Number of protein chains: 2
Amino acid sequence: MTARTPDSARDIPEATVARLPVYLRALTSFAEEGTTTCSSEELAVSAGVNSAKLRKDLSYLGSYGTRGVGYDVEYLRYQIAREIGVTHDWPVVIVGIGNLGHALANYSGFRSRGFRVVALLDADPTRKDEVVAGLDVRSFEDIESIVAEHAVSIGVIATPAIAAQAVADRMVANGITSILNFAPTVLSVPDGVGVRKVDLSIELQILAYHEQRKSIAPASEDAS
Amino acid sequence: MTARTPDSARDIPEATVARLPVYLRALTSFAEEGTTTCSSEELAVSAGVNSAKLRKDLSYLGSYGTRGVGYDVEYLRYQIAREIGVTHDWPVVIVGIGNLGHALANYSGFRSRGFRVVALLDADPTRKDEVVAGLDVRSFEDIESIVAEHAVSIGVIATPAIAAQAVADRMVANGITSILNFAPTVLSVPDGVGVRKVDLSIELQILAYHEQRKSIAPASEDAS
DNA sequence: TAGATTGTTAATCGATTAACAATC
DNA sequence: TAGATTGTTAATCGATTAACAATC
């Protein structure tokens, strides 16, 4: 009981989970360049973290390196992909096909990184019959049959803020258990449903805060 | 020297800084609804955090509430806006006017939350003379004059990954000191330049990780 | 064997939370 | 005065980091 869990299903800290995709991407770059082996230092530089943190993170997955040698790029890449769960594609629906929904539907990075957009939904009936990124824009009312047909568990909300909660409720009612929310609003969902938020203005405001402080700050680090 | 810094320029933890924009948004909602006063509990619910964390966060800014009563919505809203630095608009340039750049250029939330898009730049000469969101798409070569003319310190990168580092270098060379990066790549910038990254695939992969574990996890919390 | 690099330990740092004295 | 709610304290929790023993 107190021995380390031997195989999978260990408990990985949230901060580590958030970095695994970054490592995965760096390893994919290495593989594309033909690099077959790398050290924790090289991988760390490529991922923009320090190597102690990288090794600590990887240690939660298991022992996939070789002391004195480093990591096999392809092997580690696969192990991380497996841990994240992107060795097969996840079907995804996007709701809200405005400017942002358009951009998301056309984003090729989803496909290459473990996701497949299976449907585009919009509540506005005038948008129906539009074709975006090779997919028909369908009525939001079709969500039930689409989620059932494709066994969708991940939904993306790209609607105006005012509509987002209702969309989330409807997603959850139809069995979606993970939501990526681009609408600038706080969603409330039942326990067990995962939500991540991408908020463009908030990111800019965080930059603005630091930007503002640059002009105020005493020049204490100024070595000139 | 050991007394609390009396006025502004206190040291606010990063985690708090990242939440201030969320509080600001919640307060703006309250104001629009005509709510003039709120308690930490009400504001916390609206922002999706617990009230202890909210009060702790606000305590870094100062004492803007009244014990036994709560907060004046408009007053607190102004204090937070001032702390973030969005009592006046920040000029912003967007580089890379593909699908995502289009969406960002048209995003009305920037304008209402402290930012003004002053120029859209793209390296592709065939995109010049296009008008997006009421702005001419201009050559990336114009960045120097535009940054100088509008005193731009914040840049948004919405180019393909392959171009992003060169764009960032050029931004930094021209005096931009804060970058919001949508390209799926790690940027390296000099000390003193702030970078925030928004990575759509990474957000989905984090959701996928948790989604995957739901099917694997032992039903230890299952009370049925 | 000597050199290199991992995986792990332990110390440190920062963030969260509950509880409550202060005070309206 | 009694009730309400803030602002702060202190305990806890989680994340980071440097250092190094293990081991290729």
Side-chain angles (χ1 to χ4, degrees), chain A residues 2-6 10-23 26-27 30 35-73 75-77 79-80 83 206 209-210, chain B residues 2-7 10-20 22-23 26-27 30 35-73 75-77 79-80 83 206 209-210:
Chain A
T2 50
R4 292 221 294 116
T5 311
R10 261 152 277 112
D11 217 43
I12 300 182
E14 230 0 81
T16 296
V17 169
R19 282 186 296 263
L20 292 181
V22 181
Y23 304 151
L27 287 164
F30 281 159
T35 305
T36 57
T37 293
C38 68
S39 67
S40 62
E41 180 62 29
E42 290 164 325
L43 183 54
V45 167
S46 179
V49 302
N50 74 47
S51 65
K53 190 188 280 181
L54 171 79
R55 287 198 303 278
K56 183 81 175 143
D57 284 341
L58 295 184
S59 76
Y60 293 111
L61 312 196
S63 258
Y64 296 134
T66 307
R67 289 169 203 240
V69 176
Y71 300 92
D72 181 275
V73 167
Y75 180 64
L76 183 58
R77 197 200 61 72
Q79 293 301 337
I80 293 178
E83 192 71 41
I206 295 169
Y209 170 82
H210 294 291
Chain B
T2 50
R4 292 222 292 118
T5 312
D7 201 11
R10 261 151 278 115
D11 218 43
I12 299 182
E14 233 356 83
T16 297
V17 170
R19 283 187 294 264
L20 292 180
V22 181
Y23 304 151
L27 287 164
F30 281 159
T35 306
T36 57
T37 292
C38 67
S39 67
S40 62
E41 180 62 30
E42 290 164 325
L43 183 53
V45 167
S46 179
V49 302
N50 75 47
S51 66
K53 188 188 281 181
L54 172 80
R55 288 198 303 278
K56 182 79 175 147
D57 283 341
L58 294 183
S59 77
Y60 293 111
L61 313 194
S63 259
Y64 297 132
T66 307
R67 288 167 204 242
V69 177
Y71 301 92
D72 181 277
V73 168
Y75 179 64
L76 183 58
R77 199 201 59 74
Q79 294 300 336
I80 293 178
E83 191 70 42
I206 295 168
Y209 170 82
H210 294 291

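Since we're looking at a predicted model, the values are computed, not measured.
The closest side-chain heavy-atom distance from A/His210 to B/Val17 is below 4.5 Å. In this structure the side chain of A/Tyr71 never reaches within 4.5 angstrom of the side chain of A/Ser39, judged on heavy atoms. Within the 4.5 Å cutoff, the side chain of B/Tyr23 has heavy atoms near those of the B/Val49 side chain. Looking only at side-chain heavy atoms (C-beta outward), A/Ile80 and A/Leu27 come within less than 4.5 Å of each other. For the pair B/Glu14 and A/Ile206, the minimum side-chain heavy-atom distance is below 4.5 Å. For the pair A/Leu58/A/Leu54, a side-chain contact is recorded, criterion being any heavy-atom separation below 4.5 Å from C-beta on.
A/Tyr71 places its OH atom 13 Å from the C1' atom of C/dA4, with the value rounded to the nearest Å. We find that CD of A/Glu42 is positioned 11 Å from C1' of C/dT5, with the value rounded to whole Å. The nearest whole Å value for the distance from the CG atom in A/Asn50 to the P atom in C/dT5 is 17 Å. Taking atom CG of A/Leu54 as the reference point, atom P of D/dA18 lies 14 Å away to the nearest angstrom. Nucleotide C/dG7 holds its P atom 12 Å from the CG atom of A/Leu43, rounded to whole Å. Computed from coordinates, the B/Leu58 CG to D/dT8 P distance equals 11 Å when rounded to whole Å. Protein atom CD1 of B/Ile12 is 15 Å distant from nucleotide atom P of C/dG14, rounded to whole Å. In this structure, B/Asp57 places its CG atom 13 Å from C1' of C/dG14, rounding to the nearest Å.
Here the nucleotide nearest the side chain of A/Ala52, chosen from C/dT6, D/dG7, D/dA18, is D/dA18. Closest contact between the side chain of A/Lys53 and the listed nucleotides D/dT8, C/dG7, D/dT17 involves D/dT17. Distance from the side chain of B/Lys56 is smallest for C/dT16 among the nucleotides D/dA19, D/dT6, C/dT16. Taking only side-chain atoms of B/Thr66, from C-beta outward, the nucleotide of D/dT17, C/dT16, C/dC24 with the closest atom is C/dC24.
The shortest distance between the side-chain N/O atoms of A/Tyr60 and the OP1/OP2 oxygens of D/dA15 is not below 4.0 Å. Contact annotation: B/Ser40 side-chain N/O to D/dT5 OP1/OP2 distance is not under 4.0 Å. Dashed line: the shortest gap from a side-chain N or O of B/Arg19 to OP1 or OP2 of C/dT16 is under 4.0 Å. Between A/Arg67 and C/dT8 there is no side-chain N or O to OP1 or OP2 distance below 4.0 Å. Between C/dT5 and A/Tyr64, no contact under 4.0 Å exists linking OP1 or OP2 to a side-chain N or O.
Formation of a donor-acceptor pair under 3.5 Å by the A/Ser59 side chain with backbone atoms of A/Lys56 is found in this model.
Of the two residues near DNA chain D, A/Glu14 and B/Arg55, the one whose nearest nucleotide lies more 5' is B/Arg55.
Counting non-hydrogen atoms under 4.0 angstrom, B/Glu41 reaches nothing in the nucleic acid.
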Taking only Watson-Crick and G-U wobble pairs with both distances under 3.5 Å, what dot-bracket line describes DNA chain C, where [ ] shows pairs that cross earlier ones and | shows pairs with another strand? ..||||||||||||||||||||||
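Taking the ring centroids of B/Tyr75 and B/Tyr64, they lie under the 6.0 Å cut-off.
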